[in-house]
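Lettering follows sequence order; numbering is per chain, from 1.
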There are 2 protein chains.
Amino acid sequence: MADTGPYIAQRPKRADGQRNYDAILAAARRAFEADGSDASLEDVAGRAGVAIGTLYRHFPTRAALVEAATRDGLSELVALAERPADGEDALETLTEWMGQAVRHFSTFRGLVGILARSMYDEGTPSHAMCAAMHRGGAELLGAAQRAGRVRADLTTDELFDLLSGAAWVRENAGPGRDGGPRFLALVLEGLVLPDGAR
Amino acid sequence: MADTGPYIAQRPKRADGQRNYDAILAAARRAFEADGSDASLEDVAGRAGVAIGTLYRHFPTRAALVEAATRDGLSELVALAERPADGEDALETLTEWMGQAVRHFSTFRGLVGILARSMYDEGTPSHAMCAAMHRGGAELLGAAQRAGRVRADLTTDELFDLLSGAAWVRENAGPGRDGGPRFLALVLEGLVLPDGAR
DNA sequence: TTGACTACCTGAGGCATCCTCAGGTTAACT
DNA sequence: AGTTAACCTGAGGATGCCTCAGGTAGTCAA
């Protein structure tokens, strides 16, 4: 799937530009994975076989590069929230989605922080995606609440706080440990209501 | 209370040295509070009225400076865990301590990350303090578990994961929001057992 | 009080990274 | 083939990290 740029595919312009765009993005993904969101952009440019100015031409900001590097994964997460599942399996759908969210939020070190900031700061490259995730999460949470399987007083903002916390723990888990899933399981046991309540 | 240096008061040496040490520490606290743990050390030195080399003389590493800047607060937290409270109010003691821990962990932006890394990485300036906190937390958790008020399968490591997550959320809460306390409350409701179980 | 001794301080400087911009290059279209 | 402008390059100013050679001054003993 050729990624053509932010929001609207309006940059099928010069072939060399597209090629460099793709190369930079691939290099950035590798660098972020290895060194976190504060990886050296000059290093990224070097690995992409491109001068530093070219990188800044395509991605005027580090945040823009992060946004582009995570767009596919996060939009996948948004799509996953779109299949509405009221009724019987609303809780299962929600919990499965939460697991996916935590995984995506901790794609590389530093991402959760960027997303958390983008969530409430419009004018950030990732804000649109965050807003979409917020809507999707609200949908799933509402369904599970209507089904009587999740405590009714839980806000969507609070849900994302929990997801962010879990993702951060996963990012920063000590060597050998993997705090994410267990964290989420513990949290969930405090949110879920017994099945009989319905 | 004059802070005389790491671990053992073995540096009541020259008066100017002590004076600069204190000035740097005060400036660092202010800078960390304002800009997070990655504040400019050259700026800190400037605000302390000292050359950059002097800062590095007293604190060879940014981590050492962070350790010194947080030592008082964290040792207070450790002391708070030392008063053993078995029996009736074990749960209350634990929850109160957890609230204090979250507050101290989020003294400034970036601290939780440093502490989380120090927890399992000996050779870090903050490791000793982290180990002490780990022991204290284990004590309080054990008491609450023996009193039958907290689920028995919760590890001390997991407790600290939850505390770290809450602290991170508090650090990164959106403007106006204060996710920490609510986060902790939600988590606790998943950990606590009904009183009747005793 | 004076004379070491040495802990202490200074700040230039090498290195990394960020980000900009003036000028050269070339893909694409006529 | 000629024209246009999108694209690329890389030098360079700014900031921050950290080190080190050389100068300064607190302290103590005589």
Asks: Regarding B:Ala45, tell me which of base, sugar-phosphate or nothing describes its non-hydrogen contacts under 4.0 Å with the strands shown.
Replies: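 No contact.
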Asks: Could you tell me the separation between the CG atom of A:Leu55 and the P atom of D:dG10, rounded to a whole number of Å?
Replies: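 Between P of D:dG10 and CG of A:Leu55: 15 Å.
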Asks: Between A:Asp153 and B:Arg182, does at least one N-O distance fall below 4.0 Å, as a salt bridge requires?
Replies: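 So A:Asp153 pairs with B:Arg182 through a salt bridge.
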Asks: According to a strict under-4.0 Å criterion, is A:His58 in side-chain N/O contact with OP1 or OP2 of D:dC8?
Replies: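 A:His58 to D:dC8 OP1/OP2: side-chain N or O found under 4.0 Å.
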Asks: Between CE of A:Met119 and OG1 of A:Thr124, what distance do you get to the nearest 0.5 Å?
Replies: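 One gets 11.5 Å once the value is rounded to the nearest 0.5 Å.
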Asks: So, are B:Glu67 and B:Arg71 salt-bridged, with charged N and O less than 4.0 Å apart?
Replies: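 Yes, B:Glu67 and B:Arg71 are salt-bridged.
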Asks: Using whole Å, what does the distance between atom P of nucleotide D:dA21 and atom OH of B:Tyr56 come to?
Replies: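 After rounding, the gap between these two atoms is 18 Å.
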Asks: So B:Ser40, base contact, sugar-phosphate only, or nothing? Heavy-atom distance under 4.0 Å.
Replies: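 Sugar-phosphate: the residue B:Ser40, judged by heavy atoms under 4.0 Å, touches backbone atoms but no base.
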Asks: What is the separation between atom CD on A:Gln18 and atom C1' on C:dA28, rounded to the nearest whole Å?
Replies: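 Interatomic distance, CD of A:Gln18 to C1' of C:dA28: 15 Å.
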Asks: Just to confirm, is there a sub-4.0 Å distance from OP1 or OP2 of D:dA6 to any side-chain nitrogen or oxygen of A:Arg14?
Replies: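 The answer is no; no side-chain N or O of A:Arg14 sits under 4.0 Å from OP1 or OP2.
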Asks: Closest-nucleotide mapping onto DNA chain D: is B:Arg19 or B:Asp38 further toward the 5' terminus? I mean the 5' end.
Replies: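 Its nearest nucleotide lies further toward 5', so the answer is B:Asp38.
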Asks: Using heavy atoms to find the nearest nucleotide of DNA chain D for B:Ala15 and B:Asp43 separately, return the residue whose nucleotide is more 5′.
Replies: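 It is B:Asp43 whose nearest nucleotide is closer to the 5' end.
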Asks: Which listed nucleotide (D:dC7, D:dG10, D:dC17) is nearest to the side chain of A:Lys13?
Replies: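 Of D:dC7, D:dG10, D:dC17, D:dC7 is nearest to the side chain of A:Lys13.
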Asks: Measure from CZ on A:Phe59 to C1' on C:dT20 and round the result to the nearest Å.
Replies: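 In whole Å, C:dT20 C1' and A:Phe59 CZ are 18 Å from each other.
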Asks: Among C:dC19, D:dT9, D:dT27, which nucleotide sits nearest the side chain of A:Leu41?
Replies: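 Looking only at side-chain atoms, A:Leu41 lies closest to C:dC19.
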Asks: Of B:Glu42 and B:Asp16, whose nearest nucleotide on DNA chain C comes first from the 5' end?
Replies: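 So the residue in question is B:Asp16.
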Asks: Under a 4.0 Å threshold between the charged nitrogen and the carboxylate oxygen, would B:Arg83 count as salt-bridged to B:Glu96?
Replies: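 B:Arg83 and B:Glu96: salt-bridged.
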Asks: Return the nearest nucleotide to the side chain of B:Ile52; candidates are C:dA12, D:dT27, C:dC19.
Replies: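 Output: C:dA12.
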Asks: Whole Å only: how far is the CG atom of B:Leu65 from the P atom of D:dG16?
Replies: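 Going from B:Leu65 (CG) to D:dG16 (P), I get 16 Å.
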Asks: Atom CD of residue position B:Glu158 - does it have more than 12 heavy atoms of other residues, nucleotides or ligands inside 6.0 Å?
Replies: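 Enclosed: over 12 neighbouring heavy atoms sit under 6.0 Å from CD of B:Glu158.
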Asks: Do the side-chain N or O atoms of A:Asn20 get closer than 4.0 angstrom to the phosphate oxygens (OP1, OP2) of D:dC7?
Replies: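 Negative; the distance criterion is not met.
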Asks: If you compare every side-chain N and O of A:Arg57 against the phosphate oxygens of D:dA6 (OP1, OP2), does one of them come in below 4.0 Å?
Replies: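 Looking at the OP1 and OP2 atoms of D:dA6, neither is under 4.0 Å from any side-chain N or O of A:Arg57.
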